[in-house]
Structures are given as structure tokens and as C-alpha cells.
Amino acid sequence: MLLFKTQNLMVEYNFSEVEPKWQQYWESKGIYKVRIDSSKPKYYALDMFPYPSGAGLHVGHPLGYIATDILSRYKRLKGFNVLHPMGFDSFGLPAEQYAIQTGQHPAITTKENIDRYKEQLKSLGFSYDWSREVRTSDPSYYKWTQWIFKQLYNSWYNITNDRAEPIETLIAKFEENGNDKVGVIGDQKIETFTAKEWNNAREDQKQKILLEYRLTYIAETTVNWCPALGTVLSNDEVKDGYSERGGHPVIKKSMAQWNMRITSYAERLLSGLDDIDWPDAIKDMQRNWIGKSIGAEIDFKFENSNDNIRVFTTRIDTIFGVTFMVIAPESNYTDQLTTPDQRIEVEKYVVAAKNRSERDRISNVKQVSGVFTGSYVMHPFTDQKIPVWIADYVLAGYGTGAVMAVPSGDQRDFDFGKKYQLPIVQIIDQQNITETEADSTKNGKMVNSSFLNGLTPIQAIPKGIEAIVEKGIGTAKVNYRIRDAVFGRQRYWGEPIPVKFKNNLPEVLEDHELPLVLPEVDKYLPTEDGAPPLGRADNWQDTDGNAYEMTTMPGWAGSSWYFFRYMDPDNSEQFASPEALAYWENVDLYMGGPEHATGHLLYSRFWTKFLYDRGFIKVDEYAKKLVNQGMIQGRSNFVYRVKNENTYVSEGLKGDYDTYALNVDVNIVKDEVLDIEAFKLFRKDSKNAHFVLEEGKYKCGWEVEKMSKSKYNVVNPDILIGSYGADTLRMYEMFLGPIEHSKPWNTNGIEGVYKFIRKFWNLFHNEGDQFIVTDQAPTEAELKILHVLIKKIEEDIEKFSLNTSISSFMISTNELGTLKCNKRSILTPFTILIAPYAPHLAEEIWRLLGNSESIFNAEFPVFSPEYLIEDRFEYPVSINGKVRVKISFSIDESAKFIEQMVLANPTVRKWTDGKSPKKVIIVANKIINIVI
RNA sequence: GCCAAAGUGGCGGAACUGGUAGACGCGCACGACUCAAAAUCGUGUUCUUUCGAGAGUGAGGGUUCGAUUCCCUCCUUUGGUACCA
């Protein structure tokens, strides 16, 4: 096997005894339990909590956890009161899929998986306060997820005040003025009504109207339906027309669904990005997802009636290039605009377009298709007749679902115009329109554009808006790409939505009815008539016989607010107490993978802003700083088998044979050399195989692939901890490279860190493993080593450069080893410096140094610059940019003197070859460059 | 296509605001210890070389006394996004 244990090392530093000892000590003494302490500044370090899958942790998961643990311990040593919790995102599809196959309740599987995860996390020696653990599937937790749902239901977005408010303030407005002055963000078309109409309306009518305003609402919407999973999915859960989980095809379908009105927060979610320290990549992804575009809406009057159709455009400057109009197949105008003789053809097209799968639409982007409605609208400025077409490149969900087509300036309009022989009008003098391409650039001056002629497109845009406003046919308008998020799932293993139906109208449950606990069902499948699994539960209704909602919440519900629950996890009266919320405020460091950019990381910002608006919390962003840890990919090893023979050829010789590659377990390969005996056990049919070796070894090939069982490239942290200890694994994971880089996992090299830990131990011990620390006074050289290190470690941690800290520890250890330094005044601070990285080792040595309290109650050493001051500097002297010699000078030596001495130097004279230099550059305490 | 990030030895990577490229570690080679192996320790290790030196941070160009670092063009890889008017 790869991982040998060497007997004689065990005598020196016995991690397998030391690590569990301190883990138990820390736990029994509650060292990591934290309480509100206003005498200290707070620091909140958070990991994205995991979904506990059946496979357990692999070596990639802890990468981020180790980094936050180092930060937490460092901040603690620096005097902060550190909140560093962990929990589990324990609702989700895999447990439910497993339940469908085996009949086992997902709660059982989930608990088993959580136990396994906790055990693994504990063996890594993290400083989590486990008394604050949360599980999203625990009723005492999801009670509050349901409670937040309820608050959203009972709120609306007041545009005037730019914040969410209780629904009562909306009702008051209706009672006084009707809905005339109440604006909404989003696409819903709401009939206007007067106060009188409102006050005279029936209760059920009122409730229907209020649903148009509530921040969570039920509505008939086009959703992503995944037949294989039997549920709807939100946009971020669909990738390229397939479900993100499982990779099943997804189709568009119209369904009544619970939604979250995240669109109300589009602008604030966008502008809030400027105030948080998150990676630009994530910010950009969120910006693109929100997709703000600034433009105008214009009405085009119908040819034969006074109705009109509204379009959104970002290029109103091109208004005189409009030669046709295109509406989405799903558009409400389709019916109205279709003339009798076009009806058959239109209906055919609309049905075909609806049945086109998302996947099909994506893969045929270049192919435009459409059908003429038979109707015309009037150009608002020229009064020319403009034909209205239907095409599926226009999306019903964006803007108004209708486009003014400018074929000269838009490629899709151009393609469409070409295909159906519609006119193309140039509207900018420098426009370069070819046989196949439109020109969308804004260079040049407007032509063929009436009152816009002579202006640049940039000037024409405000001018155009001015004109439509004046005519009363349009306004400036901002559009967002982001859609409201579908919130219901036709699945079992999620939070029940706390709603019952009375007379077909939804009603949220009373606070005292929460939590609405997930009921038992006989099978985790839809009912015979297609209702979700909760439809199988007996008496899924309240005491008055009102049916409860049957869909459950999506995976992102519980994770959208968990960071607040950690602040006060056992509170049964509130989701967290005002005191806890005021003290801990928000997360100072949030670590996690970038794959959640447009899902979790956006939804949780939305909920945070909502809770802020409603006065439940004091912050409107929950994470000040976000760091993305890179993904750990798999690194597969291969052996090469000769076709039709039981023979394996070493990698370098495979070209001489006709072979095929086979994945081999990476755990039986070390530095690309195969352990042949282990291989014979690994592949039973190869027990008598023949091996063609090079230099007496069988060398394997390698490749980067996804980490997966089937590729035999999964490395389990338990095995590495067993062989090298948690401290070695922690340091090695950090040593691999910058935390935010993705990289394949490669265990080669872990021995270097292991050796380092032993070398560090040996600073305190002699060859007989006796503790030999002395109280001798340190030398200047030793103090310099220490203070260089203090400075470096502080700087590195503050900028998350944890890989370079490990190098610095190695360098300092090597230097102190060379000096045979075993002085307490140097080694004590050194031990504290290393404690965040190797907590078990540091705690052990701390006790050997005679301390009775945990090292994590110590103080971080203070850097003193005085030990780093030098009186001489050795200048590299370069001639024409090449370093040729080094000459040492006193640091305050004059440039003139240095120049004289340098030019007189024999090596320099040799290189200058008697010529007088053109220029001598002396950069103080940096470099000297002579130009000849 | 668009947006973002990244390209440095055999490998992971280092190099602060432009100033000795390759720190630290792995691997490899040689040596010590050993009957031997493992482990450990020591030395060396960018490439080419006529041993003088020359080349070199994805490619090409530019700014500079000096560029991995700044600017321009291009290539490759990874992540995101996909008819958004």
C-alpha cells in the first residue's frame, strides 16, 4: 500500500495518540464553546454547511474548512471572540431517491450520514462549537424556515419606500386610494381598481388581488419540469436543459406554483454587490444573472383598433430601422393579432414551439423560425404599416414578450428578416451590413431616421426617449433578466409549506401551528393521480378539514438563513434573539465553492435583505467577505493492458504494444509507480498477469478527471489521517497551493509535510526524545528568525495566503535546527504561531513547555521590527541587466561612494571591458545596474 | 459567441508597490548509515553548452536602465452564461 508507517518515527512524535487525546480534552473542557462577550470584538467565520451524502467526506471537502479553522484559531489568539459553527443542509434529493429505492425513511439515512460526517470532521481537529450545530431537516429548525416563509407571504414590496412592508400597509392603501399609485416590479399585469371597488369586493376577490403583491405567492407560471425527478426546478438548478442533480432532461410546462418574488429585490441585489468583499467572479455571475438592461418601452398601435402593443428596447436610436415586429408564441397578443386566414398556420407553429424542449431550442440557436400573424401595427413616427410575426426566439418571460425588429442592427432580427424576405434598412452611416451579418455597433451618425439624423447613436437614445415621452407613447425603462424563483417542489424530503387551502384560496398557518411537521407516507412517490408524495399522508389537513399544501420547499430554503440561526440555535421563541443578532451581526468570512454563485449565494442575500426590511435583523448583507475555495479534482492513474492478453505494459513502453488504458486505484500507486502485489489483489483476474517493466518498475500514466468511485481516484481523508495524522493532512492541504485555485488531488508530497512536523518536534527534543528546552537568552540571529516569521504569518493569514505560511514554517524550522536553537523564548512564540495550522502538535508541545491551560487561550506573539534592522546590504550588481557580482555596503552609504567602489571592482571592470558606462542606476537597498 | 480567471522546471507551487526568476516541498541522482532493504541524514538538481557563456516565466510586439509583474495583439486551459431585444 501507499501509506507505510515507519516504526522508528512513532517513538518520536506519536500523532495517533496525541491527536485523539487533545480532541477529547478540547471537547470535554468545552474549549470551543462561545458566548456573547461584549468585552471582546467578535469574529464570525463560516463554512458553507455540507449536504451529508452517503459517500462521506473526500479529501476535497476539508480544504475550505481547514482554511476557516486556521483563521478562527488565529483570530482567537489575536483576542477576538470567534463564532465558528458547523451544521448540515440535510433536506435534499439524494436521500429521497435512496428512500424511493429502498423504502428506508430519508430521516434515517440522513442521520447516519450526518453521524459519519461529524466523526470525520472531528478527526480533523476543527474548532467548531458543536453545541451550535443546526440541521435544516430538524423541525425545531424548519419551524423558523416556515416562519420566514410566512413573513414573506405577509409582506409586499413598496417601491416608493424601496423596501418590503407588512401586507397591512398595502391593504390600507387600497382602502384609501385603490391600487392606482401602487407600483410593482416584475411582469404581473394587475387590473387597476378604486378604493370603492376594493372596499366592495368579496374577501376571496381581495385575497386573489393580494396574491399579486405578496413576496411569496402562488401563480400559474411556466416552470422547468423534470419528469424523471417528478418535480419542478428553479432556473439555477437547470444546466443546458438538464437537471443539475442527476442530469435528467427538463421541459417547459405551465403549472400553478409557489414563487418567491426575488425580482422585487433585483436592483438592491445588484447595487449591494458594491459594498461586499466577494470575489469578482461571483459578483459578475450575479450581475449577469440579474441582467439589468436600461432602455425604453414604446407602444405600437394596432392597424385596425385603438389597442396597442408595448415593446422593450435598449436601442431606441434604431427606431427608424424597425421593419417588422416579433412576438413570443406564448404572448397574450397572439390570439388577438392572428387573422382568420393565418389562424391554422399560427396554431400549428405555437403548438410546435411549446413542445420544443429547452435542449432543442438551445442546440438550434442559429435556426430562426416563425410565422406571420396576418396583422400590422403602425410605426409611431412614420405611421408605416409594420407586419407582426410570431417567433420562438422571442421569450415570453422577458420584457413585454414582444420585440421591435431592427434587422440592420441585430443579428437575430437580421437572420429572421433574411429568411422571410423582410426589408432591411440602414440607419447609421458607418453601419457595415453584409450578406450574412448585421452591425450592432454604435459608431457613426444616424441616417434615414427623421429627427434623429446626424446624431450619434449615443446622442439619439435620450433624444428618442424624449420624443416618445412627449408623444405619450412610451417611457424610459429598466429591465431585469432575473425571474421570480419557483419555490415549490413535488417531493417529500423538504420543509412542508405552512399553508392550507380554504375555498381554493391559500392561507398561511398561525404561528402556534408551526412547525408543520413532515408527515409519514407509505411510499416516497407521487400519488396515483399525480399529486406530490405528501398527498399520500393520512389527514394532511387541519382540524377543520382544510387541506395542507402538498409541495415542499426547495433545497435552498433552509440554507438561505442558517447563518443567523447559528447565533442563537436553541431559541424556541425567535429565529434568533435580538441580542445575539446585534452582537454577531453578520459573517466576517464565508468560505465555500463558487458553484453556488447564482443559487444559494443569491437567494440568501435576498432573504437577508427581506429580514432587514422587516426589521428582524440589523444588516442587509449577511457575509462581508466571501472566499471561494477551488475545487479539488480527481487525478486518475492508468495501467496499460495488451489487447487479448493478461499482460500490462509500463507507461513508457506502451507505444511498442497494442494496449488499452484501465483506471487503477490511486491508493496503490505511489509517485506513479504501481504496487504490483496490491494490483494483483485489486484486479482478481490479474493474479497471474505478466508485467513489462521499465527500470524494474511499473510506471502508471495519469490524467485529471472528476473525482469518482468508478474512476478509482477517490482519496479518503480517514486513510491519510490514519497514516500521517490530522495536522499533517491540514498542513498538506494548505501547502498544495492558493486556496482559491482548483487543482487535482495528489497525495505525492505529503511526506514532506510529515517530515517537517517531525523536524519541528525535534527542535524541542534530543536524539533520545528527551525534552531539552532551555532558558538561555536568545541570540540576535534567533530573534530575527522568529520575528521574520511572526510578520510573515500575520501577513499571510490576513490575505489568505496559507500555502506560503507553510513554507515559512519550514524555512524557520530548518534555520533554527541549523542553529541548534532550543531556547524557550524563541520556541514558545513559535509554537503559538503554528497552533492554528497544527493544533494538536502545538497543544502537546505547549503542555510540555509547562503550561496548564490550552494554547488557544494564549496570545499571539507581537512582531517587533527592531529585530529585522540590518546595517549592511549585499547589492546584486548587474551589467546590462545581468547579475554578475554581489558587493556588500553599509545601508546608509552614499550613492557616489557606492558607484566608485562598484566601478573599481575587478569583476565589474572585466565586464565593462574598459568602456565607460553610459549610466549607473543605484536603487537603495535593492539593486545596482550598470549600462554600457 | 459573450463574461471572468489562469498559463513559470519532471510535478505542486514561490517572487511584496517593476529590481538577484524558480523560495518551500515532491520526484530524481549521488553519498553516509546498514550484511541488505526501508527509514533517516547530507550534497546536487530550469534547459542548452565548445564550460567562456547563452537561452528562459503560453506566443509575438511595446514601454523601461531593468518586465513573471505594466500596455497591445494572439493562442491554450478552466469556470460561468447562452436567442434577454
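Every chain is numbered from 1 and lettered A, B, ... according to where its sequence line falls, protein lines coming before strand lines.
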Return yes if a side-chain donor-acceptor contact under 3.5 Å exists between A/Arg884 and A/Thr907, otherwise no.
-> no
Residue pairs fulfilling salt bridge (Lys or Arg N to Asp or Glu O under 4.0 Å) with at least one residue in residues 727-736 of chain A, sequence neighbours excluded | A/Asp69-A/Arg730
Can you figure out which of B/C83, B/C16, B/C84 approaches the side chain of A/Lys926 most closely?
-> B/C16
Specify the glycosidic conformation (syn or anti) of B/G25, with syn defined as within 90° of 0.
-> anti
Atom CD of A/Glu237 and atom C1' of B/G80 are separated, to the nearest Å, by 17 Å
Under 4.0 Å: is that the gap between some side-chain N or O of A/Arg412 and OP1 or OP2 of B/C84?
-> yes
For B/C72 and B/G19, measure between their C1' atoms and round to the nearest Å.
-> 24 Å
Anti versus syn assignment for B/G52, with syn defined as within 90° of 0 = syn
Value in whole Å for how far the C1' atom of B/A85 lies from NZ of A/Lys292 | 18 Å
Can any side-chain N or O of A/Asn929 pair as donor or acceptor with the backbone N or O of A/Ile921 at less than 3.5 Å?
-> no
Rounded off to whole Å, could you give me the CD1-to-P distance for the A/Ile482 and B/C84 pair?
-> 18 Å
Rounding to a whole Å, what distance do you find between A/Ile927:CD1 and B/G66:P?
-> 12 Å
Interatomic distance at P, B/U8 relative to B/G13, whole Å = 9 Å
Answer yes if the side chains of A/Asn479 and A/Ser293 hold a donor-acceptor pair under 3.5 Å, and no otherwise.
-> no
5'-to-3' dot-bracket of RNA chain B (Watson-Crick, G-U; under 3.5 angstrom; crossing pairs as [ ]; | other strand) = (((((((..(((......[....)))((((((.......))))))(((....)))..(((((..]....))))))))))))....
Using distance alone, with no hydrogens and no angle criterion, decide if A/Asn762 and A/Tyr13 have a side-chain donor and acceptor under 3.5 Å apart.
-> no
Counting side-chain heavy atoms from C-beta on, which of B/U20, B/G13, B/C83 comes nearest to A/Pro738?
-> B/G13
Pairs under 3.5 Å (N/O, protein and nucleotides 23-33 of chain B):
{"unit_1": "B/A23", "atom_1": "N1", "unit_2": "A/Ser807", "atom_2": "OG", "d": "3.4"}
{"unit_1": "B/G25", "atom_1": "OP1", "unit_2": "A/Asn814", "atom_2": "ND2", "d": "3.3"}
{"unit_1": "B/C26", "atom_1": "OP1", "unit_2": "A/Lys755", "atom_2": "NZ", "d": "3.1"}

Protein-nucleotide distance (A/Ile282, atom CD1; B/A4, atom P), rounded to Å | 15 Å
For nucleotides B/A14 and B/C24, find the distance between their C1' atoms and express it as a whole number of Å.
-> 7 Å
Does A/Ile928 or A/Val403 map to a spot on RNA chain B nearer the 5' end, using the closest nucleotide for each?
-> A/Ile928
Dump the pairs, protein N or O against N or O of nucleotides 68-79 of chain B, anything under 3.5 Å, distances to one decimal.
none

Rounded off to whole Å, could you give me the CG-to-C1' distance for the A/Asp413 and B/A85 pair?
-> 7 Å
Quote, to the nearest angstrom, the P distance that separates B/A55 from B/A67.
-> 13 Å
Using the C1' atom on both, measure B/G12 against B/C28 and round to a whole Å.
-> 16 Å
Taken in chain and number order and not counting sequence neighbours, the residues that satisfy ring-ring contact (aromatic ring centres under 6.0 Å, His included) with A/Tyr420 are A/Trp389, A/Phe416
Restricting to nitrogen or oxygen on both sides, can you table the protein-nucleotides 8-10 of chain B pairs closer than 3.5 Å?
none

Separation between the C1' atoms of B/A15 and B/C75, rounded to whole Å = 26 Å
Under 3.5 Å, N/O pairs linking protein and nucleotides 61-65 of chain B:
{"unit_1": "B/C65", "atom_1": "OP1", "unit_2": "A/Lys919", "atom_2": "NZ", "d": "3.4"}
{"unit_1": "B/C65", "atom_1": "O2'", "unit_2": "A/Asn929", "atom_2": "ND2", "d": "3.2"}
{"unit_1": "B/C65", "atom_1": "O2", "unit_2": "A/Asn929", "atom_2": "ND2", "d": "2.8"}

Check for a donor-acceptor pair, side chain of A/Arg315 on one end and backbone N or O of A/Val406 on the other, with a separation under 3.5 Å.
-> no
Stepwise, does the side-chain contact (heavy atoms from CB on, under 4.5 Å) test hold for A/Val394 with A/Ile327?
-> CA-CA 6 Å; A/Val394 177; A/Ile327 62 176; 5.7 Å; no
Would you please name every residue forming a ring-ring contact (aromatic ring centres under 6.0 Å, His included) with A/Phe830, sequence neighbours left out?
-> A/Phe760
Does atom NZ of A/Lys791 have more than 12 heavy-atom neighbours, drawn from other residues, nucleotides or ligands, at distances under 6.0 Å?
-> no
Classify the nucleic acid contact of A/Pro279 as base, sugar-phosphate or nothing, counting any heavy atom under 4.0 Å across all strands shown.
-> nothing
Do the side chain of A/Lys283 and the main chain of A/Asp274 share a donor and acceptor less than 3.5 angstrom apart?
-> no
Min side-chain heavy-atom separation A/Glu651-A/Glu672 under 4.5 Å | no
Close N or O pairs between protein and nucleotides 51-54 of chain B (under 3.5 Å):
{"unit_1": "B/G54", "atom_1": "OP2", "unit_2": "A/Arg884", "atom_2": "NH2", "d": "3.4"}

For A/His379, the ring-ring contact (aromatic ring centres under 6.0 Å, His included) test, sequence neighbours excluded, returns A/Phe320
Taking atom types as modelled and ignoring hydrogens, do the side chains of A/Tyr754 and A/Ser723 form a donor-acceptor contact shorter than 3.5 angstrom?
-> no
Whole-Å gap separating C1' (B/A4) and CG (A/Leu273) = 14 Å
Which value, rounded to the nearest 0.5 Å, describes the distance between A/Leu273 atom CG and A/Met285 atom CE?
-> 12.0 Å
List in chain and number order the residues that pass ring-ring contact (aromatic ring centres under 6.0 Å, His included) with A/Trp745, two or more places apart in sequence or in another chain; answer none if no residue qualifies.
-> A/Tyr732
Measure the distance from NZ on A/Lys283 to P on B/A5 and round it to the nearest whole Å.
-> 13 Å
Between B/U68 and B/C16 - C1' atom distance, rounded Å = 14 Å
A/Asn288: side chain to side chain contact (heavy atoms under 4.5 Å, CB included) partners, not counting sequence neighbours = none
